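Beneath this line is the structure, given in structure tokens, with notes to follow.
Start at 1 and go down the list; that is how both ligands and their atoms are numbered. Since we're looking at a predicted model, the values are computed, not measured.
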Amino acid sequence: MVDLLEYEGKIIFKEYGIPVPDFKVVSDEKDIPDFNERMVIKAQVPTGGRGKRGGVRIVNNREEAVKAMNEIKNINFDGYRAEKFILEKAYVIKKELYISVTLDRSVEMPVTLASAEGGVDINSVPQEKIYKKPINPFVGVTEYTKRELSKFLGLSEDHAQEIGRILVGLYSIYDKLDASLVEINPLGLTDKGLIALDSKITIEDDALFRHKEIPVRYFGLDEIELEAKKKGLSFVKLEGDIGIIANGAGLNMATIDLIAQAGGKPANFFDLGGTDDPEKVIQAIELASKVTNKVLFINIFGGVTRCDTVARGVVQAINELKPKFKLVVRIRGANEEEGRKILLDHGIDSMLNLDEAVERVVKLAGE
Ligand code: GDP
Ligand code: MN
């Protein structure tokens with residue numbers, strides 16, 4: 001998931017006709033102009049709750065803005081520091097609303113979520129105060145939904161049009177950018193109508209290749225997960241001490257389940273995918289050695305990924321990396337005999353039976 005920063009989201013909002021305050025992105029004192037009106041300066045960090053932690057300040061002139069910026073630079077936002085800031089006109093807010101479009105897996109459709117109680121974490125708003133309506137992707141946002149939403153939020157006739165346009169904008173962004181969440185919290189009711197005072201846009205990873213304009217940047221990933229991501233490897237760190245490399249997400253999950261069932265604790269999920277490149281196997285083992293120094297379990301069901309390819313990669317990796325962990329290899333399938341022979345020639349006795357392999361892995365981890 002790629003999370004956009006508030007200002008990046010607001011640029012997109014503007015393109016899609018969602019009103020946002022006029023803003024300037026600043027990162028240094030010298031970027032802050034002279035001014036004499038109520039402005040707001042906001043930390044650009046990929047985490048919520050900035051308001052509560054002092055990352056959003058009202059300022060009346062340049063001097064106050066500079067002071068606020070320097071103070072905000074020292075705030076730790078869940079491990080992030082603000083390097084960029086939004087400087088924008090501070091509207092007088094009559095009411096803070098919430099609105100978003102997100103994927104609801106339970107109904108297998110995007111949904112509109114909205115509440116008249118915005119400005120706070122939506123999870124803390126009681127269910128009955130949240131408007132929730134699926135959007136049929138073949139139909140889009142209907143006129144009926146716009147009216148119903150406006151009524152639910154208690155908006156007057158003149159704002160009904162605006163909220164309708166905003167919802168259409170949010171859904172278009174969700175659709176065109178392959179987002180999994182497009183959120184405005186708060187959507188401010190001001191003298192100038194409804195204005196998006198904040199933005200949150202999350203883009204689906206698997207669609208990034210379609211959106212070269214989106215900066216591929218990950219927040220909140222573990223260092224090793226990030227390294228894997230950059231190498232195009234599918235890797236998730238877990239809590240345990242048994243490293244796992246398997247080919248295919250299904251075999252990975254099954255391996256994790258079997259190890260857990262046998263009383264072991266998997267250290268990671270690692271899908272080698274279909275590969276015929278020993279180099280990829282070496283990369284995988286190198287990465288796995290960062291999550292375990294106890295046992296590494298390589299579980300391969302050969303097809304596209306041939307057993308001999310894996311065996312060559314394993315042998316080379318062990319020779320080069322000289323890892324400290326104990327190794328259990330279970331390989332079956334395409335070129336199984338050749339693969340087992342390559343391993344055996346290098347003193348690695350591979351296994352065929354999965355249950356026995358799992359048993360050995362868990363036993364070795366307990367030693
Ligand atoms: P978050 O706490 O990280 O979600 O940051 P927000 O952008 O939502 O800002 C937090 C709070 O600051 C909002 O709920 C508003 O009450 C206030 N705020 C943000 N922008 C403005 C603005 O332009 N004018 C005024 N008066 N308040 C603002
Ligand atoms: Mn917010």
Charged N to carboxylate O under 4.0 angstrom, Glu143 versus Lys146? yes
How far is atom 1 (P) of ligand 1 from its nearest protein heavy atom, and which residue and atom name does that atom have? Arg50 N, 3.6 Å
Ranked by distance from atom 2 (O) of ligand 1, the top protein heavy atom is Gly51 N, 2.9 Å
Closest approach of any protein heavy atom to atom 18 (N) of ligand 1, naming residue and atom: Val56 CG1, 4.2 Å
Pick one: which of Leu197, Leu170, Leu194, Leu97 meets side chain to side chain contact (heavy atoms under 4.5 Å, CB included) with Ile184? Leu170
To the nearest 0.1 Å, how far is atom 26 (N) of ligand 1 from its closest protein heavy atom, and which atom is that? Tyr91 O, 2.9 Å
Looking at non-hydrogen atoms alone, which of Lys42, Arg38, Glu96, Arg53 comes nearest to atom 16 (O) of ligand 1? Glu96
Among all protein non-hydrogen atoms, which one is nearest to atom 4 (O) of ligand 1, and what is the separation to 0.1 Å? Asp198 OD2, 3.2 Å
When distances are taken from atom 22 (C) of ligand 1, the protein heavy atom at minimum range is Val40 CG1, 3.8 Å
Same hydrophobic cluster for Leu181 and Leu103, using side-chain heavy-atom links shorter than 4.5 Å among ILVMFWY? no
Report yes or no: do Tyr7 and Lys84 form a side-chain donor-acceptor pair below 3.5 Å? yes
Between Thr275 and Asp277, do the side chains contain a donor N or O and an acceptor N or O under 3.5 Å apart? no
Contact region, Glu88 to ligand 1, non-hydrogen atoms below 4.0 Å, reads side chain
Ligand 1 and Asn185, any nitrogen or oxygen pair closer than 3.5 angstrom? yes
Keeping to distances under 2.8 Å, can you name the protein N/O/S atoms close to the Mn ion (ligand 2)? Asn185 O, Asp198 OD2
Find out if a path of hydrophobic residues (ILVMFWY) with successive side-chain heavy-atom gaps under 4.5 Å connects Leu287 to Ile318. yes
Establish whether Ile242 and Phe270 are linked, either directly or via other cluster members, by ILVMFWY side-chain heavy-atom contacts under 4.5 Å. no
Closest non-hydrogen protein atom to atom 25 (C) of ligand 1, residue and atom name please, with distance? Ile93 CD1, 3.4 Å
The residue among Ile259, Val361, Asp241 that forms side chain to side chain contact (heavy atoms under 4.5 Å, CB included) with Val295 is Val361
